[in-house]
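To keep things clear, I will list the structure first and then write my remarks on it.
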Amino acid sequence: MNLFSDLRGTVIAALDQMTAEGLLPEGLDFANVAVEPPRDPLHGDMATNAAMVLAKPAQKKPRDIAEALADKLRADDRITEADVAGPGFLNMRLSPAVWQGVVGTVLTQGRDFGRSDMGQGQKINVEYVSANPTGPLHVGHTRGAVFGDALASLLDYSGHTVTREYYINDGGAQVDVLARSVYLRYLEAHGQEVAFEDGTYPGDYLIPVGEALKDKVGDAYVDQGEEVWLAEVRDYATEAMMELIRADLGLLGVQMDHFYSEKSLYGTGRIEAAIQDLDAKGLIYRGTLEPPKGKKPEDWEPREQTLFKSTAHGDDVDRPIKKSDGSWTYFAPDIAYHYDKISRGFDGLIDVFGADHGGYVKRMKAAVSALSDGKTPLDIKLTQLVKLYKNGAPFKMSKRAGTFVTLRDVVDQVGPDVTRFVMLTRKNDAPLDFDFDKVLEQSRENPVFYVQYANARVHSVLRKARDAGMAPEAGAPSRADLAKLDHAAELAVAKKLAEWPRLVEIAARTHEPHRVAFYLYELAGEFHTLWNRGNDLPELRFLQEGDRDTSLAKIALARAVSVVISAGLGILGVTPVEEMR
RNA sequence: GCACCUGUAGCUCAGCUGGAUAGAGCGCUGCCCUCCGAAGGCAGAGGCCAAAGGUUCGAAUCCUUUCAGGUGCGCCA
């Protein structure tokens, strides 16, 4: 149920009728006719641009079309007023019964109010996190994890069939580095002095891995060359890191459907198959790239390489897929991985990357476009940096100094719910400030608190109602009861509730889950405003002594707010609380 | 040098497939709050939407150019 699309249907029907009556020419395209909430509530509840959009093709004055349309719409009993304004806007005011009905609908449908079939069951693959399996997840990964997870939930809620996927980069040189680093910790566990040189990972988190390796193989690898232990240690260490990462994700409540190993692509002919597909399309050739202008690498020498003609699909330069020694570049398995995704029959792909991978977007899109003949859309969402603050001062992270803040650090300090919500209080491509103190503050400044507090207040009302002997959670009340919700402040809350399904669709279409967080903040704001007005106007309080029916109607409104907040928080992966404490 | 992202109130940021007089929080100013629902509330001031062109009934939104900040740019992933 989406009031806005319902009303758009009504407007279109009226336009069809006008066409039948000869007021509009045949064959007009109504696709651009929109029904939206006006920015200024003074303009009414709904506005349509129909007259302005159709004026030109119909060769009529916008105001004339609007007047005729208004006449038709006034016949609808949901519409109490229809006025022409400005250049040809048609403003409509809806009967209170419409808004009261929204409350009933929310309570009947529960958290499914807002769920839509917009996605028509399309299969969407959302790939996110995909951190190298060389250490614990840090704050940057955390943002990607929360964003990707919320986006996946949002798409699911709007009628898509979603697969959550993590690509394990376990095939490149970095896992050899990991293996050597673990080997050093292994030697250390045997009592040897070791030095961590550049190009190794000195983090403490590898100490237990080295010790565990010792427990497993004893001294079998001590004083042995790499040819003896590298492959084994690599597998062992990678698996240990993935366990660590899975545990980190678990702290946040992120549950992947699928972990896809890069290594599994090697030696199976799948990379070759993907490249052959491109080759068959004439997109693979031997050639030499120009050096980048402005920035001249010291050791630049022209070299002939095997290149993918990504420029044929919108990239700026062609990209190498083989190193000069004949082995694959990192790009080749990525192509194969996306080839695999395409062949698994997804209708759409989404990759969530950190902003430092921005330079990778065009070539990946080019690859997917080429491999799918332009049929499988790929959207790549970049998550910007997270800046940490503690006690009002920036918190510098340095991987080298070992002072980087992990996902676990953050979740341990503020909890998964706060972490998740705060990570979504900015759109993905804007940098995010994360202040450890502010996110726990109990004030209007803090959206996490503000939204949770609204929900807690609803439950406070419910508790009191139960104490007073009412059964406040007994389904949707009758229309007659809901008609008691007649105050503008109450209707304002109901109007906000009515926006929820529309907001979900917009957020899902634009792949922007932060819109859900902002909406919840606004809804909470409307609710708190109503609550606060109860201070001055006792008749706006949710519990009306001695008037059970009115109380139940008001409680229904409060419950509806809680339902939508819970649904929204559910998409964000945040647990609604019933008490603040 | 090139590509991508960003530029909106003093600060931090929203702003829908292009819609009307551009919004919120903080800060600021004023008022209210011993208690009955204040981990506050109400009201107000505050804007050349980085700049200039263009597209059109209409632009913060789309296009072009410029400026500023960030990120990235062959044999790392």
Side-chain angles (χ1 to χ4, degrees), chain A residues 4 31-32 34 36-40 42-43 47-49 51-53 55-56 61-62 85-89 91 130-132 134 169 171-175 177 262 288-297 299-303 305 307 315-320 322-327 329-331 333-334 354-362 380 382 384-385 425-433 441-447 449-450 453 457 460-461 464 499 502-503 505-507 509-510 512 514-515 517-519 521-522 525 528-529 531-536 538 540-543 580:
Chain A
F4 297 88
N32 288 327
E36 296 175 322
R39 253 188 207 155
D40 189 340
L42 290 176
H43 291 133
T48 178
N49 60 357
M52 287 178 291
V53 172
K56 202 172 202 178
K61 288 180 191 160
F89 278 101
N91 293 327
S130 297
N132 287 342
T134 55
N169 286 107
Q174 76 281 0
V175 284
V177 174
E262 174 192 359
T288 308
L289 292 174
E290 295 288 316
K293 295 213 164 69
K295 179 206 168 213
K296 292 174 224 156
D299 56 348
W300 177 273
E301 300 171 31
R303 280 206 178 83
Q305 295 169 299
L307 300 169
D315 202 358
D316 307 307
V317 289
D318 293 338
R319 306 290 177 176
K322 273 189 179 180
K323 301 177 193 174
S324 50
D325 67 1
S327 64
T329 65
Y330 56 87
F331 189 35
D334 275 354
D356 53 342
H357 287 63
Y360 202 50
V361 170
K362 281 192 179 180
I380 299 185
L382 302 177
Q384 265 291 348
L385 294 179
T425 53
R426 288 286 173 273
K427 62 182 165 204
N428 59 290
D429 46 17
L432 171 81
D433 291 344
E441 217 166 75
Q442 300 200 334
S443 74
R444 181 165 192 168
E445 280 184 74
N446 180 359
F449 165 78
Y450 199 63
Y453 188 33
R457 274 180 158 172
S460 159
V461 167
K464 282 186 186 170
E499 286 178 27
R502 181 168 180 270
L503 180 113
E505 289 199 6
I506 293 170
R509 190 180 61 235
T510 54
E512 291 180 342
H514 77 274
R515 289 174 188 271
F518 280 92
Y519 168 82
Y521 183 71
E522 289 169 14
H528 287 306
T529 297
W531 181 284
N532 290 328
R533 293 195 68 179
N535 292 324
D536 296 330
L540 285 182
R541 298 184 187 177
F542 289 92
L543 296 179
M580 292 314 287

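In the text below, chain A, chain B and the rest are named by the order of the sequence lines, each starting its count at 1.
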Legend entry - Integer angstrom distance from the P of B:C13 to that of B:A52: 25 Å
Inset, instruction - May I ask you to say what A:A355 touches in the nucleic acid, namely base, sugar-phosphate or nothing, with a heavy-atom cut-off under 4.0 Å? - result: sugar-phosphate
Inset, instruction - Ignoring hydrogens and angles, answer whether the base of B:C16 and the side-chain atoms of A:R509 contain a donor-acceptor pair closer than 3.5 Å. - result: no
Legend entry - Same-atom distance (C1') from B:A20 to B:A59, integer angstrom: 13 Å
Inset, instruction - Have a look at A:E505 and say if it touches a base, only the backbone sugar-phosphate, or nothing, with a 4.0 Å heavy-atom cut-off. - result: nothing
Inset, instruction - Give the C-alpha distance, both sets of side-chain angles, the deciding distance and a yes or no for side-chain hydrogen bond (donor to acceptor under 3.5 Å, both in side chains) between A:D334 and A:Y360. - result: CA-CA 11 Å; A:D334 275 354; A:Y360 202 50; 2.5 Å; yes
Legend entry - Distance, rounded to the nearest Å, where A:Y330 contributes OH and B:C76 contributes C1': 8 Å
Inset, instruction - Mind checking A:A34 for me? I need base, sugar-phosphate or nothing, with any heavy atom below 4.0 Å counting as a touch. - result: base
Inset, instruction - Taking atom P in both B:G30 and B:U21, compute the distance separating them and give it to the nearest angstrom. - result: 33 Å
Inset, instruction - Calculate, to the nearest 0.5 Å, the distance between atoms CG and OG1 belonging to A:L540 and A:T529 respectively. - result: 11.5 Å
Legend entry - Parallel, tilted or perpendicular: rings of A:H528 and A:Y450 (30°, 60°): tilted
Inset, instruction - Confirm from the modelled atom types if A:Y521 and B:A14 form a donor-acceptor pair under 3.5 Å, side chain to base only. - result: no
Legend entry - 5′-ward residue of the pair A:R303/A:F449 relative to RNA chain B: A:F449
Inset, instruction - Compare all side-chain heavy atoms of A:R303 with those of A:T288 and state whether any distance is below 4.5 angstrom. - result: no
Legend entry - Nearest-nucleotide pick for A:H514, side chain only, options being B:A39, B:C42, B:G15: B:G15
Legend entry - Which residues share a side chain to side chain contact (heavy atoms under 4.5 Å, CB included) with A:N91, sequence neighbours left out: A:H43, A:A47, A:A85, A:F89
Inset, instruction - Look at the side chain of A:K323 and decide which nucleotide, out of B:C76, B:G15, B:G74, has an atom nearest to it. - result: B:C76
Legend entry - Out of B:U17, B:G19, B:A77, whichever nucleotide has its closest atom nearest the side chain of A:T510: B:U17
Legend entry - Distance, rounded to the nearest Å, where A:E512 contributes CD and B:G15 contributes C1': 11 Å
Inset, instruction - Give a yes-or-no answer on whether the side chains of A:Y519 and A:R515 include a donor-acceptor pair shorter than 3.5 Å. - result: no
Legend entry - P-based separation of B:C16 from B:G23 [nearest Å]: 14 Å
Inset, instruction - Rounded to the nearest angstrom, tell me the gap between atom CD1 in A:I506 and atom P in B:C16. - result: 8 Å
Legend entry - For atom CG of A:N49 and atom P of B:U17, their distance in whole Å: 13 Å
Legend entry - Spacing of the C1' atoms in B:U66 and B:G7 (rounded, Å): 14 Å
Inset, instruction - List for me each residue that meets salt bridge (Lys or Arg N to Asp or Glu O under 4.0 Å) alongside A:E441, sequence neighbours excluded, and say none if there are none. - result: none
Legend entry - Atom pair distance, as rounded to whole Å: CD in A:E36 and C1' in B:G19: 8 Å
Inset, instruction - Could you work out the separation of B:C4 and B:G44 based on their C1' atoms and round it to a whole Å? - result: 42 Å
Inset, instruction - Using whole Å, report how far CG of A:L307 lies from P of B:C75. - result: 12 Å
Inset, instruction - Return the nearest nucleotide to the side chain of A:H357; candidates are B:A77, B:C57, B:A20. - result: B:A77
Legend entry - Dot-bracket summary - RNA chain B, pairs being Watson-Crick or G-U whose distances fall under 3.5 Å, with | when paired to another strand: (((((((..((((.....[...)))).(((((.......))))).....(((((..]....))))))))))))....
Inset, instruction - Determine the contact category for A:E522: base if any of its heavy atoms lies under 4.0 Å from a base atom, sugar-phosphate if only primed atoms, P, OP1 or OP2 are that close, otherwise nothing. - result: nothing
Inset, instruction - Rounded to whole angstrom, note down the C1' distance from B:G58 over to B:A22. - result: 15 Å
Inset, instruction - Report the nucleotide, chosen from B:U17, B:C75, B:U71, that has the shortest atom-to-atom distance to any side-chain atom of A:S324. - result: B:C75
Inset, instruction - Take atom CZ of A:R515 and atom C1' of B:C13, then tell me their distance rounded to the nearest Å. - result: 14 Å
Inset, instruction - Provide the distance between the two C1' atoms, one in B:A51 and one in B:G47, to the nearest whole Å. - result: 16 Å
Legend entry - A:F542 and A:K464, any side-chain heavy atoms less than 4.5 Å apart: no
Legend entry - Presence of donor-acceptor pair under 3.5 Å, side chain of A:D334 and base of B:A77: no
Inset, instruction - Evaluate whether the aromatic ring of A:F89 and the six-membered ring of the B:A20 base sit under 5.5 Å apart, centre to centre, with an inclination under 30°. - result: yes
Legend entry - Contact check, side chains of A:L382 and A:D429, non-hydrogen atoms, under 4.5 Å: no
Legend entry - Side-chain ion pair, A:R502 and A:E499, N-O less than 4.0 Å: no
Inset, instruction - Report the nucleotide, chosen from B:C57, B:G25, B:A20, that has the shortest atom-to-atom distance to any side-chain atom of A:K56. - result: B:C57
Legend entry - Nucleotide-resolved protein contact map, nucleotides 2-12 of chain B, B/S/- at heavy-atom distance under 4.0 Å: -SSSS-----S
Legend entry - Comparing A:G172 and A:F542 on RNA chain B - which has the more 5′ nearest nucleotide: A:F542
Legend entry - Contacts of type ring pair (Phe, Tyr, Trp, His ring centres under 6.0 Å), residue A:H514, not counting sequence neighbours: A:F518
Legend entry - Nearest-Å distance for atom pair CG/P, residues A:D536 and B:A43: 11 Å
Inset, instruction - Tell me, please, which residues at least two apart from A:K322 pass salt bridge (Lys or Arg N to Asp or Glu O under 4.0 Å). - result: none
Legend entry - Any A:R541 side-chain N or O less than 4.0 Å from OP1/OP2 of B:C36: no
